[in-house]
Amino acid sequence: MAEERIDVKKTYKMYIGGNFPRSESGRTYKALDSDGNLLANACQGSRKDFRDAVKIARGAFNGWSSRSAYNRGQILYRIAEMLEDRRDQFMRELGPIGFKTAEAEADINASIDRLIYYAGWTDKYQQVFGSVNPVASSHFNFSMLEPTGVVAAFAPEKSPLLGLVSIISPIIAGGNTCVVLASEEFPLPAISFAEVLNASDVPGGVVNILTGSREELSEHFSSHMDVNAMCYTDELPSDMKKLIDENASLNVKRVVKRMIKDWYHEDSQSPYFVTDFQEVKTTWHPVGF
Amino acid sequence: MTYPDFNQTIPIDEIGVNERVARLNSRSIKKGSKVQALKLALSMIDHTTLEGSDSPGKVRQLCKKAKQPYPAMPDLPTVAAVCVYPRLVGIAKQELKGTDINVASVATSFPSGQVPLSNRLDDTRFAVEEGADEIDMVISRGAFLNGEFSLVFDEIAAVKEACGEAHLKVILETGELQTLENVRKASDIAMHAGADFIKTSTGKVSPAATQPVTLVMLEAIRDYYYKTDKMIGMKPAGGIRTAKQAIQYLVLVKETLGAAWLNKHYFRFGASSLTNDILMQIVKQETGQYQSLNYFSND
Amino acid sequence: MSNTETKDVPYKPTSPNSKLDFASVWEYAPAPQDSDFAEVKEKYDLFIDGKFVKPSKGRYFKSTNPANEEVITEFAEATQKDVDKAVKAARKAFEGEWSRISAKERGKYIYRIARMIQERAREFAILESMDGGKPIRESRDVDIPLVAAYFFYYAGWADKLEYAFPGKQPEPLGVCGQIIPWNFPLLMLAWKIAPALATGNTVVLKPAETTSLTALKFAELVKDCGLPDGVVNIVTGAGQTGAEIVNHKDVDKIAFTGSTKVGKLIQSSLAGTDKKYTLELGGKGAMLIFEDAPIDQAVEGIINAIYFNQGHVCCAGSRLLVQEGIADKVIQKLKDRLATLIVGDPLDKNTDVGAINSKEQFETVNKYLELGVEEGADIYQCDCKVPDNGYFIRPTLFTNVSQSNRIVQEEIFGPVLTVQTFRTAEEGIEKTNNTPYGLANGVWTDKGSKIFKVGSKMRSGVIWANTYNKFDPTSPFGGYKESGVGREGGMHGLAAYIKN
């Protein structure tokens with residue numbers, strides 16, 4: 001009888017600038033399955049990890065926001081293709097954390113479809129929400145949308161894949177770069193999704209995924225002066241909510257709160273989630289000979 | 001002197017020019033400053049007749065008006081010049097003898113300029129020999145619009161030479177130049193080629209003088225002054241009929257070029273009906289009563 | 001950037017100050033606007049629930065004319081109790097009559113306001129100039145016509161909102177607390193009230209304490225228009241009154257225009273609540289003048305950018321960045337143009353630059369003038385006549401400045417321009433964006449593709465290309481970064497007043 005093979009377990013690291021580093025702090029915490037067994041040691045991201053990620057996200061912003069809308073759409077579509085290709089991996093990942101087979105399938109399907117939904121919006125939101133403004137003077141005047149910049153986000157706690165995908169897609173569809181804190185309780189699908197991102201054509205630094213504690217990181221997410229917007233979709237403890245708002249005022253950070261409980265509901269996807277992270281820029285020019 | 005490359009275009013934004021003019025037009029000129037402006041404008045008029053039907057009699061009448069615009073107010077300034085066709089220069093010269101009113105003449109086959117250069121030079125010399133103090137020439141717009149800038153330049157220089165001591169005003173006929181950039185370019189060519197004045201229009205083409213065109217020309221004069229220290233005069237002509245318009249032009253001059261240009265040596269109005277409107281306004285300011293043209297001789 | 005060692009060399013002009021003389025020969029006589037028909041009461045009460053009511057604590061504060069330091073009138077100081085009363089009135093109106101009126105009829109009320117402002121435009125213009133110090137030319141030709149235009153524009157939106165928000169059912173927020181600044185008193189009121197009413201909200205508005213007069217005149221007009229009681233409430237007072245509005249539990253939304261400092265305080269005060277907010281804050285706008293620009297129009301644009309409204313403009317172009325090759329030429333022209341600016345009586349029709357809005361601001365700007373000199377910058381001011389009384393500051397430009405100077409970094413909110421040079425477009429853009437602000441910037445060039453490229457790289461909510469300081473109700477306005485959150489004006493301005 002053949003000797004039982006010892007399988008090789010994956011080390012789950014974070015995703016920063018297209019690389020998979022461990023936390024600079026060297027800390028980890030236990031990611032458990034629904035029965036309380038250890039699945040893996042997830043990195044416990046620190047304020048310095050966040051600082052590094054923001055720096056990298058800022059560095060990636062010019063390039064990503066300058067990509068054509070068509071190109072961004074193609075890249076989002078490519079992420080969907082890669083996810084489709086790796087559905088088995090996510091089936092294996094979602095099962096142990098409480099997803100029944102059908103639920104896991106539905107979650108993966110919806111995630112793929114969500115990417116495609118926002119892939120389609122990349123070259124359309126500008127047309128729907130931009131405007132040509134008929135000013136009374138001899139000027140041509142138009143308003144277009146531009147990405148807000150670097151977005152720090154808390155991925156939904158209870159929807160580790162679909163929720164994560166739903167929050168990242170509209171942010172990057174609109175040309176922003178982001179630093180996302182994965183679900184604290186279920187961090188592993190986020191890191192696997194980072195592998196999907198890494199295998200697609202998303203430039204390094206556009207999406208950065210940290211794992212760790214909201215309690216610890218909310219202070220830094222909200223107070224960093226080079227973060228332009230902060231976003232979350234869960235009800236937060238009132239003191240954390242207040243802290244985020246207060247810190248946001250340090251640099252007039254936009255705070256986007258969209259309370260979404262059901263990520264399958266039709267209201268959980270919308271072009272308005274793209275415009276949440278857009279700035280309206282209005283340009284004037286004289287019209288004459 | 002270094003000449004600019006006239007093939008290079010100096011960009012001008014039409015809307016910006018219009019906005020500047022609108023802002024200058026919002027100046028409110030009242031009371032003493034209005035009377036002062038009216039008298040100043042009167043002294044800057046090239047009192048003009050340029051009709052096929054002009055006769056010695058008509059020119060004599062015109063000269064009388066020039067010398068004594070409104071007999072009831074003998075202390076008013078006289079106009080700057082009388083402007084006539086070359087054939088009538090002698091008459092005007094005779095009538096204005098002993099005054100400091102100049103005789104100006106439109107030479108160079110006014111208004112089209114469409115005869116050989118030699119004829120235009122002859123025309124100029126004739127007017128000067130008849131006694132013209134000032135020559136108003138037209139540029140070759142066709143050549144200008146064809147991009148033959150050195151031809152235009154050379155023609156102006158040749159006329160300038162033919163003028164001798166007479167002052168040369170160069171008519172750009174801005175109504176045919178199509179863009180403000182062209183107005184600017186034609187102004188630069190004329191000044192560099194020897195113009196003493198640059199002038200908007202013959203009065204025979206519409207539009208004649210406009211404030212945006214005038215502003216662009218004043219700015220060209222300013223840049224030329226910055227560069228060379230030479231003061232070039234400006235003459236809008238045609239379409240300026242009211243005292244109100246005249247004051248608006250004076251504001252343009254005052255706030256673009258300043259005090260040194262606010263006299264007849266550096267600014268003229270080419271106009272025929274403006275004189276009476278200014279007189280009516282002056283009388284209104286003196287008496288407080290609005291006036292009727294019936295009381296002003298129509299010369 | 002490759003030229004790091006040269007790019008921060010401060011620019012010192014070598015051109016002469018001016019070769020032209022604008023002063024002598026012909027001066028404009030004073031042309032005062034007749035102001036007798038603009039009635040000012042001795043004292044103004046609060047406007048709450050359709051009535052003028054005395055402040056609960058009975059306190060009033062004086063308002064002075066900054067052009068002659070004379071007291072014009074007195075305004076009531078609204079305290080917590082008054083603000084509460086106003087919010088209650090607004091809530092009652094929101095849940096009552098105002099919500100029952102159809103969108104179409106709501107729009108007609110706003111149209112009526114627009115029309116009545118047009119009818120009384122001159123009166124409003126005079127009062128605006130008396131109370132705030134701005135030249136009558138501007139209040140008459142810019143502020144008040146725009147006020148009417150904003151109401152007219154938003155009136156039409158009232159029954160068309162679903163077209164502005166595809167896929168959404170737009171719903172009003174409720175009671176909006178609105179706090180406005182002193183630089184464009186009535187215009188800022190219009191920017192706030194017109195979209196709020198068009199979307200079906202009710203408002204409690206606080207004008208700035210130095211410029212409350214036209215807001216109370218507007219309250220009279222609201223009454224004349226027959227607007228239901230409580231839809232518009234105007235409470236006067238200083239910062240504390242504003243804080244009462246911000247902190248009131250039954251206010252659904254705060255709209256603030258003012259300094260970034262106060263905006264941050266407000267954002268922080270709202271922490272932990274679900275109140276919506278829009279903030280229009282400070283700026284330090286740059287103007288990039290390229291060598292291929294239409295220079296004479298650019299110079300005029302610079303004048304409009306920084307000396308319009310005494311420089312009390314959040315989007316003012318207060319930093320001039322001029323390409324090296326034309327710097328001397330531009331500065332010479334600018335100095336000549338400065339010489340023709342008329343500083344003085346705001347009610348004189350020929351005044352270009354009026355009075356600094358308040359003693360406090362006068363001192364602030366003067367402090368910056370001193371600071372600029374201390375920082376080693378070269379100061380240039382026109383030698384125009386300035387009245388003996390009142391708060392007047394000569395239009396000023398600073399050369400020989402570095403990017404790190406405080407006069408280059410901080411919003412002065414006065415008629416003060418700093419001048420720097422750049423060599424390449426990249427360098428110009430980098431200097432433009434090197435600020436926490438992002439409200440408006442300008443670019444001047446004759447080349448279309450350069451405008452689009454530079455414009456897209458400038459991080460600000462407004463780009464004025466070959467023009468500056470233009471406003472229109474159809475045109476959204478608002479900032480990136482620390483210049484604010486949200487937009488006012490245009491279709492996008494409606495979003496601030498409907499539910500997510």
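By convention in this document, chain letters (A, B, ...) are assigned in the order of the sequence lines, proteins followed by strands, and residues within each chain are numbered from 1.
The environment of NZ in A/Lys257 is crowded: more than 12 heavy-atom neighbours from other residues, nucleotides or ligands sit within 6.0 Å. For A/Tyr77, the OH atom counts as loosely surrounded, since its 6.0 Å shell holds 12 or fewer non-hydrogen atoms of other residues, nucleotides or ligands. The neighbour count for C/Lys160 NZ, taken as heavy atoms of other residues, nucleotides or ligands under 6.0 Å away, is above 12.
For C/Pro166, the parts lying under 4.5 angstrom from a heavy atom of chain A are both the backbone and the side chain. For chain C, the nearby part of A/Met225 is the side chain; its heavy atoms alone come within less than 4.5 Å. At a 4.5 Å heavy-atom cutoff, A/Leu236 makes no contact with chain C through either its backbone or its side chain. In this structure, chain A has no heavy atom under 4.5 Å from any part of C/Tyr468. In this structure, chain A has no heavy atom under 4.5 Å from any part of C/Leu265. Contacts between C/Thr273 and chain A at a heavy-atom distance below 4.5 Å involve the backbone alone (N, CA, C, O). Neither the backbone nor the side chain of C/Ile266 comes within contact range of chain A, judged by heavy atoms closer than 4.5 Å. Of the two parts of A/Asn228, only the side chain, counted from C-beta on, holds a non-hydrogen atom closer than 4.5 Å to a non-hydrogen atom of chain C. Contact annotation for A/Ala248: both backbone and side-chain heavy atoms come within less than 4.5 Å of a heavy atom of chain C. For chain C, no part of A/Ser238 is nearby; none of its heavy atoms comes within less than 4.5 Å. For A/Phe129, the parts sitting under 4.5 Å from any heavy atom of chain C are the backbone and the side chain alike.
For the pair C/Lys447 and C/Phe290, the cation-pi test (distance below 6.0 Å, angle within 45°) is failed.
Ring planes of C/Trp464 and C/Phe477: tilted class, angle from 30 to 60°. Using cut-offs of 30° and 60° for the angle between ring planes, the C/Phe152 and C/Tyr111 rings count as perpendicular.
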*A/Cys178 vs A/Phe277, side-chain contact (heavy atoms from CB on, under 4.5 Å): CA-CA, chis, key distance, verdict*: CA-CA 11 Å; A/Cys178 57; A/Phe277 305 99; over 6 Å; no
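Comparing C/Ser456, C/Pro473, C/Gly489 by heavy-atom pairs within less than 4.5 Å of chain A, the highest count is held by C/Ser456. Note: C/Val462 leads C/Val462, C/Thr260, C/Leu270 in heavy-atom pairs under 4.5 Å with chain A. Ranked by heavy-atom pairs under 4.5 Å with chain C, the first of A/Arg258, A/Lys281, A/Lys242, A/Met240 is A/Lys281. Ranking A/Val128, A/Asn62, A/Asp239, A/Val135 against chain C, the residue ahead of the rest is A/Val135, based on heavy-atom pairs under 4.5 Å. Of the residues considered (C/Ala465, C/Gly442, C/Ser268), C/Ala465 shows the highest number of contacts with chain A, using heavy-atom pairs under 4.5 Å. Here A/Asp245 is the residue among A/Ile244, A/Asp245, A/Thr148 with the most heavy-atom pairs under 4.5 Å with chain C. Between chain A and the residues C/Gly438, C/Ser269, C/Pro436, C/Pro476, the largest count of heavy-atom pairs under 4.5 Å involves C/Pro476.
One finds the CD1 atom of C/Ile289 at 4.0 Å from the CD1 atom of C/Ile302 (value rounded to the nearest 0.5 Å).
Between the side chains of C/Thr432 and C/Asn441, not a single donor N or O lies within less than 3.5 Å of an accepting N or O.
In this structure, the ring of A/Trp121 has its center no less than 6.0 angstrom from the ring center of A/Tyr272. Aromatic rings of A/Phe221 and A/Phe50 (six-membered ring for Trp) have centroids within the 6.0 Å cut-off, being under it.
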